[in-house]
Chemist: 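The structure's right below; bear with me while I get my questions together.
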Amino acid sequence: MKIKMKDGSIREAGFDEELGRNAFRHTTAHILAQAVKRLYPTVKCAIGPSVADGFYYDFDFDFRFSEENFAEVEAEMKKIVKENFQLRHYTQDRGRAIQDMEEREEPYKIELLNELPEDEEISFYRQGEYLEMCAGPHVAYTSAVRAFKLLSVAGAYWRGDEKNKMLTRIYGTSFPNEELLEEYLNRLEEAKKRDHRKLGKELGLFALLEEGPGFPFFLPKGLILKNLLIDYWRKIHAREGYMEISTPVMLNRQLWETSGHWEHYMDKMYTTLIDGEDFAIKPMSCPGGMLVYKTEPRSYREFPMRISELGLIHRNEKSGTLHGLMRVRCCTQDDAHIFMRTEQIQDEIKGIVRLIDEVYSTFGFKYHVELSTRPENSIGSDEDWKMATDSLTNALEDLKLQYIINEGDGAFYGPKIDFHLEDSIGRTWQCGTIQLDFQLPQRFEAEYIGEDGNKHRPIMIHRVVFGSIERFMGILIEHFAGKFPLWLSPVQVKILPISDKFIGYAKEIQSHLQKEGLRCEIDGRSEKIGFKIRTAQLEKVPYMLIAGEKEVKAGSVSVRRRDGGDLGSMTIDSLLEALHKEGIRKQ
């Protein structure tokens, strides 16, 4: 596939390469804009980039554009593809560029141009009659875009600012052939079925209520699932020598100024006044962890000191970004902070990587790793940043882990390793992270007494495994499509008496199973057994036990599995043996 670069050169790149894929979808966004301008000449164009799995374009329509308009837009896009326009790149000075956009009545382009330096040469791409101010790159001809689909319409504020006008954002995707497009659309349909918001409601796990946007309500079964994750987390952290703490949800402004959050993170923080003093609800637990460290003198003999916290944090996310449990305003972050000496960095990072690998493997996830480097708004010296980045790099190299470098995406106080896990339908999610920090110990003047009897500054690691319990729950719901493994299922066994006559026997079975640690319920409704079975299947309960006359006489139950159908008659003891082998709890 030929890619036309900003400098006018042509490069070859496949769709499986990031350069080729982005150029392909960026070109499709231009084809969309050209089609929309042909059909609706009064529309105003804003921006249209490629994004993960597709592209979008923002328009200012003078009518209500909806998905009902997709068919005619897609038909016009196909015409543009067949016309096989060459994408021609050229530059011109800002004054001439503004004049062109004024002639075309494109106010959003003019606004962007007015913010550029007067002497800057502006990059443009032209395809047929359509002209776009754009840095590229693009494919060389529109005929390369053989398969595409418009997917949805959403509102989007111009430049992401709620004070600006709401534009219409059209999302779409494109591929080199119909087979790849069809495969992707099938994955989208599967993702809709697995949507954790839909399943969370159907399975009675959590509620999203208008009284608290971004603040999920956990229902009894959802809280069981959340607590199972927390119990598992606590067991493995106790095994690894972590000491669990709990720090306040709200702390004063002075703390957040010391940590740097008041300056660098203020737009995400909730604040209030107490006794005339500014306080903030914590958006992360790190500063509180620093205060715990400083509650008493520390010695090198205590290192590495591993401190963990299930911290309740709050972040002021914009309403348009909220998404079920995936993006919330309140969540439980599985934070941990490790204090150590420089020579202990490598071993600690390796230990965290092994822990994260164990956790993700437990849930059946594959993952890839990214190393995120220094951002523009960072704090600290060049020397500290180099040492921190080199330490993370060397640990990854020693572990022989393949990784991608994500330039400029580190935290403002240090570089980080991010873990992107892959779910059962191929989607990736950023969860675990390891951040090496030389800055907070300096800002908080944290010290320890070394072997030489002198005071030294510790090194600090921030790390999470789940990311947040809520988000990880959302990922798990979609990964398993609500069909959790036995140990994670809020209800592991459903007992289905054939009639009211057998409720007593069902209660005997329930008592026996509960003594063995199983979570089980009885469906005692006066319904036919077929209806009860279908209900339990919809609830995705792993095992159903049918109790009737035959079972009472034999002292057994008829066992059905969620996906395996009828397993026949079993005694309670043989059933318990099978369930224990499958694993009723995570050891």
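Small disclaimer: the values here were computed from a predicted structure and weren't measured. Counting from 1, the numbers follow the sequence of the chain as shown.
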Chemist: Centre-to-centre under 6.0 Å for F472 and F363, is that the case here?
Modeler: yes
Chemist: Go through the structure and list residues passing ring pair (Phe, Tyr, Trp, His ring centres under 6.0 Å) with Y57, not counting sequence neighbours.
Modeler: F59
Chemist: In this structure, is the centre-to-centre distance between the rings of F24 and F15 below 6.0 Å?
Modeler: yes
Chemist: D437: what forms a salt bridge (Lys or Arg N to Asp or Glu O under 4.0 Å) with it, not counting sequence neighbours?
Modeler: none
Chemist: If you take the centroid of each ring, where Trp contributes its six-membered ring, are H323 and H196 closer together than 6.0 Å?
Modeler: yes
Chemist: Give the C-alpha distance, both sets of side-chain angles, the deciding distance and a yes or no for side chain to side chain donor-acceptor pair (under 3.5 Å) between W429 and D423.
Modeler: CA-CA 8 Å; W429 309 89; D423 70 13; 3.1 Å; yes
Chemist: Could you walk me through whether V153 and F65 satisfy the side chain to side chain contact (heavy atoms under 4.5 Å, CB included) test, starting with their C-alpha distance in whole Å, then the side-chain angles of each, then the deciding distance to 0.1 Å, before giving a yes or no?
Modeler: CA-CA 8 Å; V153 176; F65 184 94; 4.0 Å; yes
Chemist: Looking only at heavy atoms, which two atoms of Y130 and H30 are closest? And how far apart?
Modeler: CE2-O, 3.9 Å
Chemist: Hey, could you give me the OG1/CZ distance between T28 and R146, rounded to the nearest 0.5 Å?
Modeler: 12.0 Å
Chemist: Assess whether atom NZ of K78 is packed by more than 12 heavy atoms of other residues, nucleotides or ligands within 6.0 Å.
Modeler: no
Chemist: Tell me if a side-chain donor or acceptor on R374 pairs with a main-chain N or O of G408 at a distance below 3.5 Å.
Modeler: no
Chemist: Can the positive tip of R25 be found less than 6.0 Å from the middle of the six-membered ring of F55, inside 45° of the ring normal?
Modeler: no
Chemist: Evaluate whether atom CD of E129 has more than 12 neighbouring non-hydrogen atoms of other residues, nucleotides or ligands under 6.0 angstrom away.
Modeler: yes
Chemist: Testing K44, K165, K109 for salt bridge (charged side-chain N to carboxylate O under 4.0 Å, His left out) with D60, which one passes?
Modeler: K165
Chemist: Mind checking ring pair (Phe, Tyr, Trp, His ring centres under 6.0 Å) for H337 and listing every partner two or more places apart, or none if nothing turns up?
Modeler: H462
Chemist: Flag the pair H420 / Y367 as yes when their ring centroid distance falls below 6.0 Å, and as no otherwise.
Modeler: no
Chemist: Between Y184 and F175, is the gap from one ring center to the other below 6.0 Å?
Modeler: yes
Chemist: What do you reckon, is CD of E210 surrounded by more than 12 foreign heavy atoms closer than 6.0 Å?
Modeler: no
Chemist: Nearest 0.5 angstrom please: I425 CD1 to R187 CZ, how far?
Modeler: 8.0 Å
Chemist: Set out, in order, the CA-CA distance, both residues' side-chain angles and the distance that settles side chain to side chain donor-acceptor pair (under 3.5 Å) for T428 and H368, then state yes or no.
Modeler: CA-CA 9 Å; T428 57; H368 76 266; 5.7 Å; no
Chemist: For H479, run the ring-ring contact (aromatic ring centres under 6.0 Å, His included) check against Y360, F365, F484 and tell me which one passes.
Modeler: F365
